[in-house]
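Structure first, then comments.
Keep in mind that this is a model prediction, so the values were computed, not measured. Computed over heavy atoms, backbone and side chain alike; hydrogens, waters and symmetry mates excluded.
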Amino acid sequence: VILDDMGNKVVYEFPVNRWFALDEDDGKIQRDILVGANQPAGIIYNVQIVTGNIRGAGTNSKIHIVMHGTKGLRNSGKVFLEGGKFERGLTDIFNVEIAALLSPLSRVTIGHNNDGVSAGWYCEKVVVYCPFTGMGQTFPCGKWLDEKEGDGLIERELYEMVSLRQRRQKNTSSSSSGGSPRRPRPAERHSHSSVSCVVPWASSRWDVPGTPPEEGVQEASGIDARATSTGSS
């Protein structure tokens, strides 16, 4: 990807050399790319979305999340959590990768697009764990995100219950690029420092020439987030 900033007469290059396909490479169709990096790199966040165990709690809508940094000035942008079931009593688990280190989070925004027959959703809580910092945070909700229930909101800001915060051993190998991760430099957090490449059609494939073969666990990122659901239906 080449970005030509004509106002400042600067050209930024974002090397990719990776597949954008659900059935190739690591299965991602969205990537954060740092300027001048040899490959896409980012911080991985484990996100657990817990649907309440009450009648009609599940939804067919598309769920999204925004993670906000401590100072509230930086955030992940809207990340769609594709592949989850979001059914009554289930916990959907996603690995979300973004370029910025936001942990510890100040809050999260959770919502949906209000689409489908059963659009309303009862969210119990959101749990976010960042292996890079070893910090796990719980954001209680316990409310409907439904135009026909309660206050009618379909998007809510959730704040951490600090008493439930957990600290684990840091895993400094939890960056997407493998090996020793590096914290994004200040310049890499600005508008020209990274781009997010997305293929919005999940059934299509985008082959970037020079893709190296890769094995291992497929992780979720952005709109191609893959979920593991646990709990009883």
Side-chain angles (χ1 to χ4, degrees), residues 1 3 5 10 12-18 20 26-49 63-82 93-111 126-139 155 157-160 162 165-200 218-226:
V1 177
L3 178 63
D5 184 349
V10 179
Y12 299 89
E13 294 188 9
F14 301 85
V16 184
N17 296 319
R18 299 291 293 272
F20 287 72
D26 56 4
K28 295 178 181 177
I29 58 174
Q30 174 174 313
R31 300 182 186 277
D32 282 339
I33 307 168
L34 302 179
V35 62
N38 294 325
Q39 58 181 317
I43 302 296
I44 295 173
Y45 299 81
N46 178 271
V47 178
Q48 299 182 32
I49 308 294
I63 305 297
H64 63 261
I65 188 172
V66 180
M67 296 182 289
H68 302 267
T70 302
K71 295 182 179 180
L73 300 178
R74 294 186 297 141
N75 62 66
S76 64
K78 185 180 291 187
V79 179
F80 286 93
L81 303 175
E82 295 284 359
I93 303 173
F94 304 85
N95 286 320
V96 176
E97 174 194 332
I98 62 175
L101 178 58
L102 302 175
S103 180
L105 305 177
S106 62
R107 67 189 190 279
V108 299
T109 303
I110 191 77
V126 175
V127 180
V128 180
Y129 170 62
C130 178
F132 189 81
T133 61
M135 186 169 296
Q137 298 177 266
T138 299
F139 302 85
E155 183 177 80
E157 288 197 348
L158 308 180
Y159 292 87
E160 180 188 10
V162 180
R165 180 177 291 191
Q166 296 182 346
R167 293 183 181 274
R168 311 177 194 176
Q169 184 175 358
K170 297 179 181 180
N171 180 5
T172 55
S173 62
S174 60
S175 67
S176 64
S177 58
S180 299
R182 60 184 182 85
R183 181 169 179 165
R185 295 189 299 268
E188 295 174 340
R189 299 175 190 147
H190 297 161
S191 58
H192 294 307
S193 64
S194 64
V195 295
S196 180
C197 290
V198 183
V199 179
Q218 294 180 340
E219 296 174 345
S221 175
I223 64 170
D224 66 321
R226 298 186 176 187

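Rounding to the nearest 0.5 angstrom, the gap separating the CD1 atom in Ile65 from the CZ atom in Phe80 is 12.5 Å. The distance from the OG1 atom of Thr109 to the NE2 atom of His64 is 7.5 Å, given to the nearest 0.5 Å.
Looking at Leu3 and Asp5, their side chains never come closer than 4.5 Å, going by heavy atoms from C-beta outward. Counting only heavy atoms from C-beta outward, the side chains of Ile49 and Ile110 approach each other to under 4.5 Å. Within the 4.5 Å cutoff, no side-chain heavy atoms of Ile44 are placed close to those of Tyr129. Taking the side chain as every heavy atom from C-beta outward, Val108 and Gln137 never approach each other to under 4.5 Å. His68 is not listed as a side-chain neighbour of Leu105, based on a closest heavy-atom distance of 4.5 Å or more.
Under the salt bridge (Lys or Arg N to Asp or Glu O under 4.0 Å) criterion, Glu157 pairs with Arg107, not counting sequence neighbours. For Arg165, the salt bridge (Lys or Arg N to Asp or Glu O under 4.0 Å) partners at least two apart in sequence or on another chain are Glu160.
In plain terms, the two heavy atoms of Cys130 and Ile43 that are nearest each other are SG-CG2, 3.9 Å. Residues Tyr45 and Leu102 come closest through the heavy atom pair OH-N, 2.7 Å. Here the closest non-hydrogen pair linking Phe139 and Leu158 is CD2-O, 3.6 Å. The shortest heavy-atom contact between Ser76 and Ile98 is CB-CD1, 3.6 Å.
Side-chain atoms of Ser106 come within 3.5 Å of backbone N or O of Gly69 as a donor-acceptor pair.
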Problem set entry | Derivation and outcome, side chain to side chain contact (heavy atoms under 4.5 Å, CB included), residues Val128 and Val96 | CA-CA 10 Å; Val128 180; Val96 176; over 6 Å; no
